[in-house]
Number of protein chains: 2
Amino acid sequence: MARSQTPQMATIRDVARLAKCSTATVSRFFNQKYVSPEAEQRIRTAIDALAYSPNVAARNLKLKRSMILGMIIPDVTEPFFPAVVKGVEDAARAHQFSLMLFNTQEDEEREAACVDILLAHQCDGLLLIKAPRGPRHERYRAKLAMLPAPVVYLDRAPDLAADAVLVDNVTGARAGVEHLIRLGHRDIAIIMMGRDVPTHLDRLDGYRRALAEYGIEARPDFVHETEPTMADSYSVTLQLLASANPPTAIFATNARITLGVMAAINSRSLRCPEDISVLGHDGFDWQTVFRPRLTIVEQPASLMGTRAAELLVQRISGDLNGGARRVVLNPELVVRESCGVYREHGAMTRLSSTGAPSSVRPGYSPAVTKEL
Amino acid sequence: MARSQTPQMATIRDVARLAKCSTATVSRFFNQKYVSPEAEQRIRTAIDALAYSPNVAARNLKLKRSMILGMIIPDVTEPFFPAVVKGVEDAARAHQFSLMLFNTQEDEEREAACVDILLAHQCDGLLLIKAPRGPRHERYRAKLAMLPAPVVYLDRAPDLAADAVLVDNVTGARAGVEHLIRLGHRDIAIIMMGRDVPTHLDRLDGYRRALAEYGIEARPDFVHETEPTMADSYSVTLQLLASANPPTAIFATNARITLGVMAAINSRSLRCPEDISVLGHDGFDWQTVFRPRLTIVEQPASLMGTRAAELLVQRISGDLNGGARRVVLNPELVVRESCGVYREHGAMTRLSSTGAPSSVRPGYSPAVTKEL
DNA sequence: TCGTCGTCCGTAATCGTTTACAGTTTCCTC
DNA sequence: GAGGAAACTGTAAACGATTACGGACGACGA
């Protein structure tokens, strides 16, 4: 295929010729080294006249860096990720880095291919959201381990030797489920992603701990797995609701799952929270406006991105010595109205129907950075 | 700042040495030229042994291209954009291009800076969502006009000479407002972004046309401008509701604005659609589940991205001769329940409270590509 | 037998930067 | 006035790929 005819870009040699100096001087002009005011002036006008902009490919070749941060996310369309991306982008730009973004649609093959592309682009560091676990991903994991560029994992970490920014999913889930228990619920179901997703396993752990703390038996038939799609969690919920002993509350462990749960509840003409309570995960603008206003465990998505990017930049610049560093951020329980009070022999009632949602911060310790 | 000590990447020379051939042969191996089977085998094993991956910076320098598509969006966090990004990413990858994404937070300065960065990275083409208009952006527009890389505009186009993928905002808004009129509404307000945003001006145009077609007077006090934030549209709506002659229906021209409108309606304890109808813009998953289920004008976001990326790739490869090309896609009116029937002297009633939302496609002509 | 074509391979120039090295000038200090 | 530091500049060698050019070899047809 023929390439379109674009006007030749000016090079540093053109600038040098026009400014009557050597290329070295022009280069020094850009790199804040000794350049006389007169030369500087001539160079400035030459640059303007030629609309010169340095060729980053050449610079990168020489400098062996690209000022590119690679980021691979499972799905831009899942609203949690854009929030993270925003945080990453802000921090990256603050340090002169650009962001190269890949979207894998949760596809492992595609993800490995993205890593290759990123490496070929000499990207200086990688931000990975999906840390592969389990035997199926052995090859891919081995590859990641010997990458020439530093990697920071977000949300999920493959092992203790990796830099990572995580949230304390156990504590978040525990606080959320405790909230349900204090509202009187005993029959609480959890609908979560599959067994090999670490974050969701942690949420399951938090769920179990809360039950245990209150001496409530953890019923295995209340633990359900689903694909992270609305359709699948919809049918899983339908099943659960049709069972002999349906729960009075459901904890849905991410945004898509929550949507499916609510859809199922709607389709059975149940009211939330009057007939059944729902605890969701991840926070979005619309939740403050549309009904039922969801009570959720909220992750600091944008902050996660920022911290991860900053950690990565430090790694790249070598400012960080020592072993793996991991930043653990705290989720927040945001109480709105989708969880109602449960009374033994009566219907549930709304917890509050008044305006502003209240935000409850259980007694968390502040964000923790652990040196391992 | 010191750079971290990463293991030296293997070069094409290392591969050549190990495979006992010249760098030219290795390069030919990658570019499907004449290479003997024996040499090919040796090169293959050498590549594996060294975990060699070609240095794209060097290749780009030589080939004067980067296989990078640059994309600048106002706000990743606004859910309409990720959907577009997804479409772009898919199409880009299908053609071997990678995506470099920038987020400007609607900041003009930042946007110009992003264009510079992208150019410095020798990106092969640009996807721009915000086409600058008005005298304030004269300099920036001039700069865009003389870019060495092709540009495709998305959603908003600066002039007729530019490639663009647009949606027919006039028709979409017209259909939506017509829907309101047929429901019996006469006092319909519009809350939109400022006068210099072309897409919103088109939506205003559609709104006016619908009113005109039905012989309804367009009241100037029903046209309101707002920043695209929830907070601002909230207070604008509050003002509107407090006026002497409040509307019975509101058309909100994007997702954030819709959120603010709903928040204001809630805070006044009005019910939607019983007390007031709301027509929103742009479609998202949660709208099918949470109440009131919004009736909206929906743009084919992902498709817009795909078409734009494909157009850009064609431009880059020079397959496209002739003048500016523009693709106009059709929005769709999705009827749910936030718009109710208005009866002269009574309350409004729900249009339908039954389950599945119905999707109405007015008699649109199919997507149109015009050669200018 | 010769010429030609197709396959295969290596040498070396090139892309646009940065920077080590070397050199000049100016200015300050003793 | 000698010596040295600081400011400024140019030459040329990298960085790691691609590819024009030229050479070698075998097959094939005339």
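As the structure is a computational prediction, the values presented were derived from the model and not from experiment. Chain letters run A, B, ... following the sequence lines, proteins first and then strands; every chain starts at 1.
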Salt-bridge test for A/Arg44 and A/Asp48: reply yes if a basic N is under 4.0 Å from a carboxylate O, no otherwise. no
Return the minimal non-hydrogen interatomic distance between A/Ala324 and A/Arg315, and the atom names on each side. CA-NH2, 4.0 Å
Could you give the NZ-to-P distance, from A/Lys64 to C/dT19, as a whole number of Å? 12 Å
With the side chain of B/Ser27 defined as its heavy atoms from C-beta on, choose the nearest nucleotide among C/dT17, D/dG10, D/dT18. D/dT18
Which part of the nucleic acid, if any, lies within contact of A/Thr25, taking any heavy atom under 4.0 Å across all strands shown: a base, the sugar-phosphate backbone alone, or nothing? sugar-phosphate
Picking from D/dT18, C/dT19, D/dA14, the nucleotide nearest the side-chain atoms of A/Lys62 would be D/dA14
Please determine whether a side-chain nitrogen or oxygen atom of A/Tyr52 lies at a distance below 4.0 Å from atom OP1 or OP2 of C/dT17. yes
Atom pair distance, as rounded to whole Å: CD1 in B/Ile12 and P in C/dA12: 17 Å
OP1 or OP2 of C/dG16 sitting under 4.0 Å from any side-chain N/O of A/Thr11? no
Interatomic distance where OH belongs to B/Tyr34 and P belongs to D/dT19 [whole Å]: 15 Å
d(CD1, A/Ile43; C1', D/dG10) in whole Å: 13 Å
From the list D/dC8, D/dT9, C/dG16, which nucleotide is the closest neighbour of the side chain of A/Leu61? C/dG16
Between CZ on residue A/Phe80 and CD1 on residue A/Ile73, distance to nearest 0.5 Å: 10.5 Å
Return the value, rounded to whole Å, for the distance between atom CZ of B/Arg59 and atom C1' of C/dT14. 16 Å
For A/Ala39 and for A/Thr23, find the nucleotide of DNA chain D with the closest heavy atom, then tell me which residue's nucleotide is more 5'. A/Ala39
Check each of B/Leu154, B/Val115, B/Ile117 against B/Ile72 using the side chain to side chain contact (heavy atoms under 4.5 Å, CB included) test, and report the only one that passes. B/Val115
Output yes when B/Arg326 and B/Asp163 qualify as a salt bridge under the 4.0 Å nitrogen-oxygen rule, no when they do not. no
If only side-chain N and O atoms of A/Ser36 are considered, is one of them under 4.0 Å from the OP1 or OP2 phosphate oxygen of D/dT9? yes
Base, sugar-phosphate alone, or nothing: which one does B/Phe30 contact when heavy atoms must sit under 4.0 Å apart? nothing
In whole Å, I'd like the distance from the CZ atom of A/Arg28 to the P atom of D/dT9. 8 Å
Has B/Asn31 got a side-chain atom pairing as donor or acceptor with B/Ser27's backbone, closer than 3.5 angstrom? yes
So what does A/Val56 hit on the nucleic acid, given a heavy-atom distance under 4.0 Å: a base, only sugar-phosphate, or nothing? nothing
Kindly calculate the angle separating the two end axes of the helix from C/dT1-D/dA30 to C/dC30-D/dG1, each obtained from five base pairs, and round it to 10 degrees. 40°
Between P of D/dG10 and NZ of A/Lys20, the distance in whole Å: 12 Å
NA contact type, B/Asn31, heavy-atom cut-off 4.0 Å: base, sugar-phosphate, or nothing? sugar-phosphate
Per B/Ser22 side chain, nearest of listed nucleotides D/dA17, C/dG10, D/dT11: C/dG10
May I ask you to say whether A/Asp90 pairs ionically with A/Arg307, meaning some side-chain N is under 4.0 Å from a carboxylate O? no
When all nucleic acid strands are considered with a 4.0 Å heavy-atom cut-off, which category describes B/Ala57: base, sugar-phosphate, or nothing? nothing
Look at all strands and tell whether B/Phe29 reaches a base, only sugar-phosphate, or nothing, counting heavy atoms closer than 4.0 Å. nothing
Just by modelled atom types, is the B/Ser66 backbone N or O under 3.5 Å from a matching donor or acceptor in the B/Asp124 side chain? yes
If you assign B/Glu40 and A/Lys33 each to the DNA chain C nucleotide with the nearest heavy atom, which residue ends up on the more 5' nucleotide? B/Glu40
For B/His121 and C/dT17, what is the distance between atoms NE2 and P respectively, to the nearest whole Å? 14 Å
